[in-house]
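Residue numbering restarts at 1 for every chain, and letters A, B, ... go by the order of the sequence lines.
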Amino acid sequence: MSSNPDLNKKDYAVFMEKITKEFPRVLANDKVDLKVKKGEIHALIGENGAGKSTLMNQLYGLYKPTSGEIYISGEKVDIEGPKDAIKKGIGMVHQHFMLVDNLTVTENVILGSEETKRGILDIKKARKEVKELSEKYGLKVDVDANIEDIPVGMQQRVEIIKTLYRGADILILDEPTAVLTPQEIDEIFEIMDKLRKDGKTIIFISHKLHEVMQISDNITVMRLGKVTGNVSVKETNEKQLANMMVGREVVLRVDKKPKEPGDVFVKVDNLKVRDNRKLEAVRGISFEIKKGEILGVAGVAGNGQTELVEALTGLREIESGKYFYNGKDVSNYNVRELRELHITHIPEDRFRYAMVQEYPNYYNMIMGRHFKEPFAYRGFLNHDEIYKYSEKLIKNFDVRPADITQNTGTLSGGNQQKVVIAREVSAEPEFIAIAQPTRGLDVGAIEYVHNEILNLRDNNVAVLLVSMELEEVLSLSDRIIVMYEGQIMGEVKPDEVTVEEMGLMMAGKKLKDIKMSTELESHGGDK
Amino acid sequence: MATHTRRIKWMPFLVPLLAVLFSLLISAIIILLIGENPLTAYFEMFKGAVGSRLSWADNITKMTSLLLTGLAVGFGFRAGVFNIGAEGQMTVGGIMAVFVGINMGNVPSVIAIPLTMTAGIIGGAVWASIAGFLKAKTGAHEVISTIMLNWVAYHLSNYLVAGPLAVGQGVPKSPEIAESAQLPPLITVQASTVPSGIIVAIVAAVVVYIILQRTTMGYELKAVGYNPYAAEYGGISISKNIVLTMAISGGLAGLAGSVEVMGVYHRIFGAFTGDRGFDGITIALIGQNNPIGIIFSAFLISSLRAGSNSMQSVGIPDDIVTIIQGIIILFVAADRIIKTLITRTQKNKKPSLEGGEDK
Amino acid sequence: MSWLEAIFTSLTSPLFYKLTILSALPLVFAAIGGVFTEKTGVVNIALEGIMKMGAFTSVAFTYITGNIWIGLLAGIISGIILAGLHAYVSIEWSANQIVSATAIIILAQGIVGFLMVPVFGQEGQSDFVSKIPNIKIDFIRDIPFIGEIFGNISLFFYLAVFVIVASWILIYKTPLGLRMRAVGENPKAADTLGVNVKGVRYFGVIMSGVLASLGGIYLALGDLGQFQEEMPAGKGFIALAAMILGNWNPIGAMWAALLFGAAEAMNIQLQTLLELPSEAKALLNLLPFILTLVVVGGFVGRTRSPAASGEPYEKE
Amino acid sequence: AIMVTDTGGLGDKSFNDGTWEGLLQAEEELNAEVDYIISKEQTDYVGNLTNAAQDADVVVAVGFLMADALFNVAPQFPDTRFIGIDISPSEGQTVPSNLALYIFKEEQTSFLAGYLAASMTQTGTLGYVGGIRIPPVLRLEIGFRSGVKAYNQLHNTNINVLTGYVGGFGEPAKGKQMAMSQYQQGADIIFHAAGASGNGVIDASREIGSDYYGISPNADLKTVIDAYYAKGTGYFSIGVDSDQDYLAPGYVLTSAMKRVDQAAFLGIRSARSARAFQSGLNVLGFNQDGVGLSPMKYTKGMVPSSVFAEIAYLRTLVESGEIVIADTDETFGSFDVSNVEFPF
Ligand SMILES: Nc1ncnc2c1ncn2[C@@H]1O[C@H](COP(=O)(O)OP(=O)(O)OP(=O)(O)O)[C@@H](O)[C@H]1O
Ligand SMILES: Nc1ncnc2c1ncn2[C@@H]1O[C@H](COP(=O)(O)OP(=O)(O)OP(=O)(O)O)[C@@H](O)[C@H]1O
Ligand SMILES: [Mg+2]
Ligand SMILES: [Mg+2]
């Protein structure tokens, strides 16, 4: 642990001292100290709900600390609001994007700091400036596109441009990598590095320890609202960080037992599906999943994975092709019919799709089976059974707080996910489609979720696992297909493929072409 | 962890109660300003609302239709639909009840009453379903379509009572429905009656409560209202539930129409709904869209209106009561003001952050 | 005259277009008022009440002072006060905006009813007062066809044209407009960029008060020269529908209002031109409502409201 | 005597106010004690009538919407006398012996209005704007058209009437537009039976008339009359129910009045004498001064005296029963006055 007592407050870009923040029922920050040196990338890590975002929101003026002091470059400040924070050179990229969906990229960037010509917005000039910024830092964005039409990766870059446009010297990046692909993460890291070289200070929040090790200089670890550690990257390793975060030993590698899969259970034949804009998103793909097998789907987001999962779970119309389930053609069955056949689904956007935030946990725990016995009988809900069942799930899945009557929307993001996972995993699935199961989860929770997925497999469930985390796909899947622009680039076994080969397929190279060129290479074709 | 806002269990009752109190206080100032005595005025109002058997009859008569349209609008809100069309649905309900009711001459009451009532429910339900169907199929906003349907119903009823259904010379009105189709009075006070419609209305409130709280249908409707995406994901059909919500909501408004016809007027005339459909919005929202809350809010408003007639006798313009209603509703809307006041007085009593005195 | 002939005659007469505009005018003001408030995320279904208050106040002050311009100004101020009240409880106290707006409607009705006798000495309606004069422009009057439509038309027509153009520019071309759109869509995002969410919302709601009251003032002081207690007789709600049909866009709202106005004008012209039994004429009044239903159900379909519309924005 | 208003309330410058004037007249001439109760909604009627009946020996109810309430309350108080203004029984309904109902022969007054309008038109086209198509309004329309028909028969003309229904009594803007449409289509005089919507018709006559004369809409009566004579033609409206001539002096040709004050006064007078009480339905026509044209305070000078003479003569024929004005579509078809000969 290194907190250098010789350094003066002036040497820190950000110096937060004894910050305490109380919410009505939660003590989110408890006398937290955070010291960030000028020009460094300082990582802030900790379990879900540890209080990281809360701490940063206070630095950005969104919340007022209950007590404690903040110094910027040694000067004691009272941050009245975001406007004030911006004036003090602080920029923040929030965990949940703060973008206005129906405005363009340029409009989002200039919002609040608009320039005008005779009272009229000078959009031309703004476009130019945004373009210049994006070129300078390699943040590729389409300045005229509406936010709702661009992929999340680009949205992330827009968020960063927003802070740069306002001339921020201190950048807070709250989980900027959670929704990005490995390539995009590399790009972001390059940008962060460039910014660091430009003398900017960055506070970087992430749950991915290898990222933290890769990019940051110093690390502050939080747990249950308190700081539990403060280390330099050079003096630590992933395992130690994980232990500091969770307060116990964490297994970072999954332990997958070999298993013979059963018969073919799910079969997809030349499937075509359109996206919301009526463009073909899944363009004729075929695959099979056997009982007790995990089929991983890798690929950069926006290559048809979401549409594929939605088509298989009844949320999206199948344009053409066949979908067989246990030998039966179930193409275009509706959600309820598919659920009746024991197909369950953990969707990508859990907050939007998988729960009613205003419902108490006990209602969310039975969603999809709410009309079936024992939860309902002849159209009437059986609350006793519902309570009993959800108590059990909340206990089994360690949802915190363990209160079935609390509205799900008031849980922390990680715990909301647990509710969804608990429900879908416990709904006696025979086939489950899982998308991005560990997005935004802390290491402890990831460990738990991974084990659950493997349990499903071991219980003979057919599993479709969509993830952008290469490592996750590689460690959990029995077989992997890689999707690019709605097509399958190739099917591989995790132990027979290199990360490079995966990367090439995700970038649109067919497996057989890759194999051919490597063969050429090894046969000395390239001299 | 310090818990510093204690939950006050009777808050849901306290807030509207204080809203009424504050409004009466503010209105007292207005009454003083016009040179009258607020105490006499309020005493008269109280008498007029609940002070005699006659006032009870008057009060309950008003309450019945208010309760039903309040339920109609509130039910829609719970399922995420803003049914601003209870007015038109009530009109159509009344029309249907008349169409059936006038033909019940030789039918015994046990059959005639449910038949006539059902006709009203179906009328309202079908009328509302037009908006529900348009919303489900084409996404047409229910606020537009229900407003338009209100006007269509209004012109239609005017047409009917002056044309095909007209009886008599001076009055544009329909014939009376058969006696067997009329709701018997619970209590008769001179020419006033406490119509048994109130029982129908309260039963409806309880049924709505059960639907919302105890049935899978309620579970699904509310889920669609809160988060249609999640509902769809959970295998709940959005379009089916929107149409269903509109149908039930409209059915309740239609029931209001038929109960008003069967219990109060025994016929329809132009604009017989008397803006009850719009009042329903107020009632629903004061009752926080909760069927049981709506019973109380309907009674509150009907009492105010019944009481206002007596206030006139001591020289208070009837419009004062409208103003009082407006202020009450404003306070209900801004219940935070009252909650803040409550917590402030609580804090003054015991200026510590610690809770724990919850008993 | 046959139906087809009548429709043709009507469509080729300048009066049809003039009647269309006249029917649409009050709706245009109120509907654009609705656009302003909802764009910033505050629902204001109290347009009806604000119109009534504006109509009443403008005539009351004209009646008392004898000056139409004081009447006009007072009417607008009354709209600002009512809308301000709605804004205050909605923005500062996170009130349920529909409840609050309902309260505003009822308050307007109560206050107007209460003041009728003290101010005008009678209920139901005021006497006729002098009204805001029409603008007669001779060179326009001399143009065939066009002249009959625009040559002698209410000042409010020009005001409406200004409001339509100005509000479109304001909303889509100025920083304030950008902030309005952002605040109505994602107030939190706007807040994190230092946009004064409350301030922008106040602006939107107050503007709806100004515009809706103008709609009411047009009816009373601009068109009739009299206040009637039943005013605006549901036009505030129709304006609400026009706002939605126009997809929360001032130009769209204008088209929606004109559509409604055209149906009304057609109804009026057909009644005049056709010899029909009186029942049929009474039923022709359904035309605007049914046409709107058909248009919204069959052609327009889904409209997209500002995402945060109706939701209070609170910090922490 | 206590009067219970309908939801229009006191101060409506219409039936409620008119009735109240009748009560005041009774106070003055008959020394009656008078008071009123205002109803705000339909469900108030029964309660208000009951309260009134407990406090007074004569209760006056105004407006056809109170019919059912009145028929229910009256039998409860056999010692109180009830008067219903503009209220008639339904088919087959028996009127309690303590209830006197007064309705009006609207068609008689609008007949004269129609005849007057036909005499005055320069374009050969007249207009009619109705509110909601309810029986009294329909009677007004048919009476008006009967007047025009009579003129056509007696003067061998072919004046036609454009008609329209606003669909409401509270939409002056639409009333005005309807009038604009009819004026544009050739009408120069428009009769309205549209309540407050009709104010739009009156305003249209002033707006279009003044524009036609080239004078300010606020010009005084003399200017208007001079302009009319200068042009030889003009634009007029005709009011209804009460004397609406004052609303736009010089532009409202006349008003087809329904004398509710007279009905109320007659009712109270009869109720106060033990024997004269006329329970049952009383239909007031010209004979009882229950209906009639306004005195035409502002426009008298514009109308040739020959027209007044014809109108006065026709009125005597109606009073004596020689002419029965059509009041339904059927009777309108057979309405025929071609055998009438003016004695001058
Ligand atoms: N506005 C709020 N009101 C009440 N409680 C809150 C609020 N915001 C956060 N909390 C609570 O404060 C605690 C800390 O939350 P915070 O969002 O800071 O966690 P985090 O460390 O960012 O977690 P994650 O990794 O899941 O993003 C949690 O228990 C959360 O439920
Ligand atoms: N329009 C009507 N509706 C209902 N009843 C009517 C109507 N016209 C006449 N009656 C009934 O016929 C009776 C006799 O009518 P009659 O016309 O002789 O009376 P009147 O007072 O002389 O009228 P008028 O002025 O037309 O001569 C009336 O008292 C009335 O009961
Ligand atoms: Mg966080
Ligand atoms: Mg009043």
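In this structure, Trp255(C) places its CH2 atom where only 12 or fewer heavy-atom neighbours from other residues, nucleotides or ligands lie under 6.0 Å away. More than 12 heavy-atom neighbours from other residues, nucleotides or ligands sit within 6.0 angstrom of CD on Glu148(A).
The parts of Ile120(A) that come within reach of chain C are both its backbone and its side chain, each placing non-hydrogen atoms under 4.5 angstrom from that chain. Using a 4.5 Å cut-off between heavy atoms, Leu103(A) touches chain C through its side chain atoms alone. Using a 4.5 Å cut-off between heavy atoms, His94(A) contacts chain C through its side chain alone, with no backbone atom that close. In this structure, chain C has a heavy atom under 4.5 Å from the backbone of Asn108(A), while its side chain stays farther away. At a 4.5 Å heavy-atom cutoff, Lys87(A) makes no contact with chain C through either its backbone or its side chain.
Listed options Ile110(A), Asn102(A), Thr116(A) were ranked by heavy-atom pairs under 4.5 angstrom with chain C; first place goes to Asn102(A). Each of Ile169(C), Thr192(C), Thr174(C), Asn196(C) has some count of heavy-atom pairs under 4.5 Å with chain A, and the biggest count is that of Thr192(C). With chain C as partner, the option from Lys162(A), Glu114(A), Lys83(A) having the largest number of non-hydrogen pairs under 4.5 angstrom is Glu114(A).
Closest approach of Pro175(C) and Gly119(A) over heavy atoms only: CD-O, 3.8 Å. Between Pro82(A) and Gly194(C), the shortest heavy-atom contact is CB-N, 4.0 Å.
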Checking side-chain contact (heavy atoms from CB on, under 4.5 Å) for the pair Leu178(C)/Leu111(A): CA distance, chi angles, key distance, verdict?
CA-CA 7 Å; Leu178(C) 178 64; Leu111(A) 179 62; 3.9 Å; yes
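Here the side chain of Arg179(C) pairs a donor or acceptor atom with the backbone of Gly112(A) at under 3.5 angstrom.
Using a 4.5 Å cut-off on side-chain heavy atoms (C-beta onward), Leu193(C) and Ser113(A) make no contact. Contact of the Glu107(A) side chain with the Arg181(C) side chain is registered, since non-hydrogen atoms from C-beta on lie closer than 4.5 Å.
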